[in-house]
2 protein chains.
Amino acid sequence: MTIADGDSATLHRPDPETARDRVAAAVAAENLVTVFGRCTVEYEGRAASTLGPGDRLVVLKPDGTALVHTDEGQKPVNWQPPGCTHEASVADGEFRILSRRASPEERLVVAFERVEQLSTFDVTDRNDLALQGTEEDLRQRVLDDPDLVEAGFRPLATERETPAGAVDIYGKDRDGATVVVELKRKRVGPDAAGQLSRYVEALDRELHADAEIRGFLVAPSVTERARELLAEKGLEFVSLGPPE
Amino acid sequence: MTIADGDSATLHRPDPETARDRVAAAVAAENLVTVFGRCTVEYEGRAASTLGPGDRLVVLKPDGTALVHTDEGQKPVNWQPPGCTHEASVADGEFRILSRRASPEERLVVAFERVEQLSTFDVTDRNDLALQGTEEDLRQRVLDDPDLVEAGFRPLATERETPAGAVDIYGKDRDGATVVVELKRKRVGPDAAGQLSRYVEALDRELHADAEIRGFLVAPSVTERARELLAEKGLEFVSLGPPE
DNA sequence: CGATGGATATCGCAC
DNA sequence: GTGCGATGTCCATCG
């Protein structure tokens, strides 16, 4: 059974050969494909996994993405990233989807005992997502009002390169001492303190050995472990949360 | 138009009221819901975003997950994690889905200009994913053959607690010196070297100051920056990739 | 291509 | 609930 028009088409309980032909055509036409049914899944690549029979929703995107969703969780239980090639086939009387990635070599096989529904959609989406509350927003706030870090702070560069990586904000304090600012949009753990410490140490080596270098971690809050690590390394913390 | 049986039901271009009623019933029945159509999306919570009109696939799971997928990318363009409540409504003549999270407060609103297809599925899946090639597998390999780290290495504990966190493997070398092993299943960067360094320093403080403590990073490979950091801290690296 | 670090990360576990 | 670390993390950016 089929419902179709220019934008979508749906098969209800297609036989394996029909499912194969429809998916093959949809992949060739760069349509979005959804398949719901009872299936097993095997993956082999960076890791390997097997998944016994169950009802799942499989999504194939025109960009080469494959997703296998169960009834639980935000993350797909199995997947392939964009850029993969999708093939449909029938083997042992079962409809199968094979998704392959070239580098690194990865294979995903979904074998359907039963296909409950198979849909294809002609999809185009040119609207971009506008996101607020990011680290970039936080950086802009600090650049607009450097006193938020410390009275007299003067930013001189963003993304300044060091041997340990790029520093979020680089500048001078009121006394001319070098300042390194690491921004985090949410509560931070020991990793952020370690990251800031590496930047300070890298600049310590790069600049004159007698130059004072101060490291600031700017975030809404820190964990206790991170606070200890900052104190130990002589780094400073500035609490700055999202606006409002 | 409707196709239905015990396991699934599909509406093709339903009007807003019909879509609302069907989604409300499916959410109450803890069914999986997919909606494809032209919609706008607004999100507000940990961050905030708006997304203009476009064709997207929306998935509502019985565990309270919501996903909004475009034609590109593995990750949903917008989403809500498990545990949210989903509501269907009609406002300004449009079918809308509202997904709410209590803590932290987060809202996702999908407003459909047009619903191309709406499907509901009665989904059961009690099979768990069996994954190989994880860090746990690597740990088992090292415990089975500690000489992989170094001839004479004797593991004494896993997940041994330190003030800086739990050490993957703790033990002694052939001369009785304390050994800390950090395992990584893939190529590592500076963060892993920093992590191992924190463990070694924490044990250095906890144990006698004169006790020698050796830190091993076991991973398939390291980046150049991580290698430098390891050398600087006097830590050792053992190359151990996935089997075959 | 690899390296680096962010993310509404998600997820699981320990406390 | 928070804290912490793993993830087939994904993803953009940069060299």
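Letters A, B, ... are given to chains in the order of the sequence lines, protein chains preceding strands, and every chain is numbered from 1.
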Counting just side-chain N and O atoms, does A:Arg225 come under 4.0 Å of either OP1 or OP2 of C:dC15? no
Distance-only, no hydrogens or angles: does the [X] side chain make a donor-acceptor pair with backbone N or O of [Y] under 3.5 Å?
X	Y	result
A:Ser239	A:Pro220	yes
A:Tyr199	A:Leu203	no
A:Arg96	A:Phe112	no

To the nearest Å, give me how far apart [atom1] ([X]) and [atom2] ([N]) are.
X	N	atom1	atom2	result
A:Leu183	C:dG5	CG	P	14 Å
A:Glu161	C:dT4	CD	C1'	10 Å
A:Arg187	C:dG6	CZ	P	18 Å
A:Asp191	C:dA7	CG	C1'	13 Å

Select one nucleotide: of C:dA9, C:dG2, C:dG6, the one nearest the side-chain heavy atoms of A:Lys184.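 Of the options given, the side chain of A:Lys184 lies nearest C:dG6.
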Look at [X] together with [Y] and state whether they make a salt bridge at an N to O cut-off of under 4.0 Å.
X	Y	value
B:Glu113	B:Arg38	yes
A:Arg214	A:Glu150	yes
A:Arg107	A:Glu105	no
B:Glu106	B:Arg100	no
B:Glu228	B:Arg225	yes

Sugar-phosphate only, base, or nothing, as touched by B:Ala164 at under 4.0 Å among non-hydrogen atoms: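 Result for B:Ala164 = sugar-phosphate.
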Classify B:Glu106 by what it touches in the nucleic acid, base, sugar-phosphate, or nothing, heavy-atom distance under 4.0 Å.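 The residue B:Glu106 makes base contact.
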Identify the two heavy atoms, one from B:Cys84 and one from B:Arg101, that lie closest to each other, and give their separation to 0.1 Å. SG-CB, 3.6 Å
Non-hydrogen atoms of A:Thr223 and A:Arg187 that approach each other most closely: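 Looks like CA-NH2, 3.6 Å.
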Report yes or no: do B:His69 and B:Lys75 form a side-chain donor-acceptor pair below 3.5 Å?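 Per modelled atom types, B:His69 and B:Lys75 side chains form no pair under 3.5 Å.
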Reading DNA chain D from 5' to 3', where do the contacts with chain A start and stop? Cut-off is 4.0 Å to heavy atoms.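 That gives a stretch of D:dG3 to D:dC11.
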Using the C1' atom in both, what is the distance from D:dT9 to D:dG5, to the nearest Å? 13 Å
When the P atoms of D:dC11 and C:dC11 are considered, how many whole Å apart are they? 15 Å
Any residue in residues 74-83 of chain B with a heavy atom nearer than 4.0 angstrom to DNA chain C? Just list them by number, or reply none. B:Asn78, B:Trp79, B:Pro82
Interface residues of residues 126-145 of chain B with DNA chain C (non-hydrogen, below 4.0 angstrom):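 By residue number: none to list.
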Could you check A:Glu72 against B:Thr223 and say which one's nearest nucleotide on DNA chain C is further toward the 5' end? B:Thr223
Heavy-atom nearest nucleotide on DNA chain C for A:Arg185 versus A:Asp168: which residue maps closer to 5'?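 Between the two, 5'-proximity favours A:Asp168.
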Qualifying residue for side-chain contact (heavy atoms from CB on, under 4.5 Å) with B:Val33, from B:Val59, B:Val58, B:Leu60, B:Ile97: B:Leu60
